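All ligand and atom numbering here is 1-based and tracks the order in the structure. Since we're looking at a predicted model, the values are computed, not measured.
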Amino acid sequence: MCFAEKLISWYQANRRDLPWRRTSDPYHIWISEIMLQQTRVSAVVPYYLRFIRRLPDVPALAAVKDDELRKLWEGLGYYSRASNLKRAACCILSEFSGVFPSSEQDLLTLPGIGPYTAAAIASIAFGRPAAAVDGNVLRVWSRLREDARDLTSASVRKEIKKALESILPADNPGEFNSAMMELGALVCLPNGAPVCASCPVASFCGACGAGTVSCFPSPRQKPERRVIDKTVFILRMQNEAPLVCRREEKGLLGGLWQFPDLPSHISEFEFLSYLSSHGLRPEGEILQYAKKHIFTHQEWNMRVYCVSVSGSLPEGWFPLAEEMPLPTAYRTCLPE
Ligand code: SF4
């Protein structure tokens, strides 16, 4: 058996049963691929099922209200992915007469769809000969070929994509892509811990044969994560839900709701003057505690003040309601 045959037959016998693998509907595959970016498979499943139930097709997604969309996405992070989904759905209706584009070239014109996602949809849903190259595939490739190049380089990725397309089986490109990704997720694991003894393509693997598996992919320096200090206020009026205000549309977590905050750590004395400058008075004990939230490129180091307040409601502040999407970074600040 050749490399592709061995890989695909292993995949067919060992793949995880995931809801988006039971369909070739491009809409379903698209939604799952966008959700899976930066998020674990097990975390995505319930979000995916709920999303597809509520928004089963492109017209439903194009028509959904922004707040409801954000609510469906709440907890997945990277909210720009959700707004891009809606923009792309509108684009499919207006530019492609509602017909889901099938070529990589057309898919790449849609907001939020990059080379990996375009190739995944084109190959899995439409059987197009496009290699989908994600982090798992790059890791597997670097070990198979003892490829020490910088895998973050766009030109290197392009060359790897081309090389994979030369071995992609014409009758089964989607299965091949899914199999490469599954191999990376289940067997050829990151951090120098692949399970080579269970690998279906070990006999084709350069690094395994040469005993150099731990050298690939080549280590590279990770950019440092920026640490940002913040003070977050959990304020309840007459024991109602905590007060929230709307974030600006642009930037991180744009358009979502948040607890009021300040971009540095402040003392309890400064907190009291903050309340008074907003026409509020503390009622009862002030709780103070620390919380942390980690994004890909930054870490929020939060000091939280939590107290009941009286006074008049500041403009633009409202008690948090069920339908208001609140990012996990803020939700985490609620007292335990
Ligand atoms: Fe990865 Fe080991 Fe398989 Fe090579 S033999 S592809 S290193 S799991």
Below 4.5 Å, heavy atoms only, C-beta onward: do Leu287 and Val307 meet side chain to side chain?
no
Relative to the heavy atoms of Arg143, which atoms of ligand 1 are at a distance of less than 4.0 Å?
7 (S)
Under the side-chain hydrogen bond (donor to acceptor under 3.5 Å, both in side chains) rule, what do Ser264 and Asp229 come out as? Steps first, then yes or no, please.
CA-CA 5 Å; Ser264 63; Asp229 288 344; over 6 Å; no
Looking just at side-chain N and O atoms, do Asp25 and Thr23 make a donor-acceptor pair shorter than 3.5 Å?
no
With heavy-atom distances below 4.5 Å as the criterion, would you say the side chains of Phe100 and Trp30 are in contact?
yes
For the ring pair Phe295 and His293, is the centre-to-centre distance below 6.0 Å?
yes
Considering only heavy atoms of Ala202, which atoms of ligand 1 have at least one such atom less than 4.0 Å away?
5 (S)
Do you see a donor-acceptor pair shorter than 3.5 Å between the side chains of Gln298 and Trp300?
yes
Answer yes or no as to whether an N/O/S atom of Cys199 is found below 2.8 Å from atom 3 (Fe) of ligand 1.
yes
Using a distance threshold of 2.8 Å, state whether an N, O or S atom of Cys205 lies below it from atom 4 (Fe) of ligand 1.
yes
Near Cys208 (heavy-atom distance under 4.0 Å), the atoms of ligand 1 are 5 (S)
Can you tell me if an N/O/S atom from Cys188 lies under 2.8 Å from atom 1 (Fe) of ligand 1?
yes
What protein heavy atom sits nearest atom 2 (Fe) of ligand 1, and how far off is it?
Cys196 SG, 2.3 Å
Show me which atoms of ligand 1 lie under 4.0 Å from any heavy atom of Pro194.
8 (S)
